[in-house]
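One structure is given below, encoded as C-alpha cells.
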Amino acid sequence: LCIFEGYQDGSFRPEQNITRAEVVKTFLTAAGIPRNTACYDADCGSPFTDLDMWQGQWLRPAWDRHIVEGYNANQFAPNYAITRAEATKLILAAFGYGPLNTGKSFFNDVSGWSTGWIEQAHQMGIVSGIGNGNFDPERPITRAEVSKIVAKTMEKWDTRISR
C-alpha cells in the first residue's frame, strides 16, 4: 500500500525505534490525509519551530486536525522516539477515533492520560500487550510494531483491506 518507506540501502529495520515525525507521516499516509505541499518554510504554518521542511508538510495537517500536540508551545521534538502510548493515540486520532471514557485499563501498567486511548485500541484489536498483563506504554515503539498497528487499524477502517 506504499505506506512505509525503507532505507536507501534497501533495508526496513523492523526493530529500530520510529521517530515522532516518521510516525505522523506514516499514520497520515495510512489514513489518506495528504501532506501540505504549499509550504514555504519548515514549520509550514504550524506552531512548531523545530521541524525540517519534510516534517512540516506532514505536521501541519496533523496539527490542523488536532491529531498532534507538542511538548510545549513551539516544540514538537520530531526526531525523538515516540512511545507506544503516544503512537496509539496518534493512530486512533488520525483515523477519527477518540479515547474510551474509562479510568481503568486491561493492562497492569497503563494509567493516566493514555488509558482511554489504549483501551479503545485494545478493544478494537489494534494493540496487544507485551505479556504478563503489561503494555509498556512509555517504551519507544519500533517500526515493526507501528507496521502491525497500521495494518490492524486499516483492517477496521477500510473494508477493501483483506483480512
Short question: side chain of [X], backbone of [Y] - any donor-acceptor pair under 3.5 Å?
X	Y	value
Asp50	Ala77	yes
Asp136	Arg84	no
Ser11	Tyr7	no
Glu119	Phe106	yes
Lys156	Ile126	no
Arg60	Cys44	yes
Glu145	Thr142	yes
Thr49	Asn74	yes
Asn72	Gln75	yes

- Task: I would like to know whether His122 and Ser105 meet side chain to side chain contact (heavy atoms under 4.5 Å, CB included); could you show each step before the answer?
- Result: CA-CA 10 Å; His122 181 253; Ser105 178; over 6 Å; no
- Exceeds 12 heavy-atom contacts within 6.0 angstrom, atom CD of Gln16: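 Counting neighbours around CD of Gln16, more than 12 heavy atoms of other residues, nucleotides or ligands fall under 6.0 Å, so yes.
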- Message: More than 12 heavy atoms of other residues, nucleotides or ligands under 6.0 Å from CG of Asp41: yes or no?
- Response: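 Atom CG in Asp41 is crowded, with more than 12 foreign heavy atoms closer than 6.0 Å.
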Using the rule that two of Ile, Leu, Val, Met, Phe, Trp, Tyr join whenever any of their side-chain heavy atoms come within less than 4.5 Å, decide whether [X] and [Y] are in one cluster.
X	Y	result
Tyr71	Trp58	no
Tyr80	Val146	no
Leu100	Met124	no
Met53	Val24	no
Ile149	Tyr97	yes

Between [Y] and [X], is there a side-chain heavy-atom distance shorter than 4.5 Å?
X	Y	answer
Pro78	Phe48	no
Ile130	Arg139	yes
Val68	Arg20	no
Arg65	Leu28	no

Rounded to the nearest 0.5 Å, what separates atom [atom1] in [X] from atom [atom2] in [Y]?
X	Y	atom1	atom2	value
Phe27	Ile67	CZ	CD1	10.5 Å
Gln120	Lys89	CD	NZ	13.5 Å
Leu59	Asp64	CG	CG	10.5 Å
Trp117	Thr88	CH2	OG1	10.5 Å
Ile91	Glu86	CD1	CD	14.5 Å
Asn132	Asn108	CG	CG	8.5 Å

- When you measure from the centre of the six-membered ring of Phe4, is the NZ or CZ of Arg143 under 6.0 Å away and within 45° of the axis?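 The answer is no, since Arg143 fails at least one limit relative to Phe4.
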[X] and [Y]: which non-hydrogen atoms are nearest, and at how many Å?
X	Y	result
Ala144	Glu15	CB-OE2, 4.3 Å
Thr115	Gly103	CG2-C, 3.8 Å
Pro137	Ile118	CB-CD1, 4.2 Å
Phe135	Asp109	N-OD1, 2.7 Å
Thr83	Glu138	CG2-O, 3.5 Å
Ala21	Trp54	CB-CH2, 3.8 Å

- Query: Using the benzene-type ring in the case of Trp, are the ring centres of Trp63 and Phe76 under 6.0 Å apart?
  - Reply: no
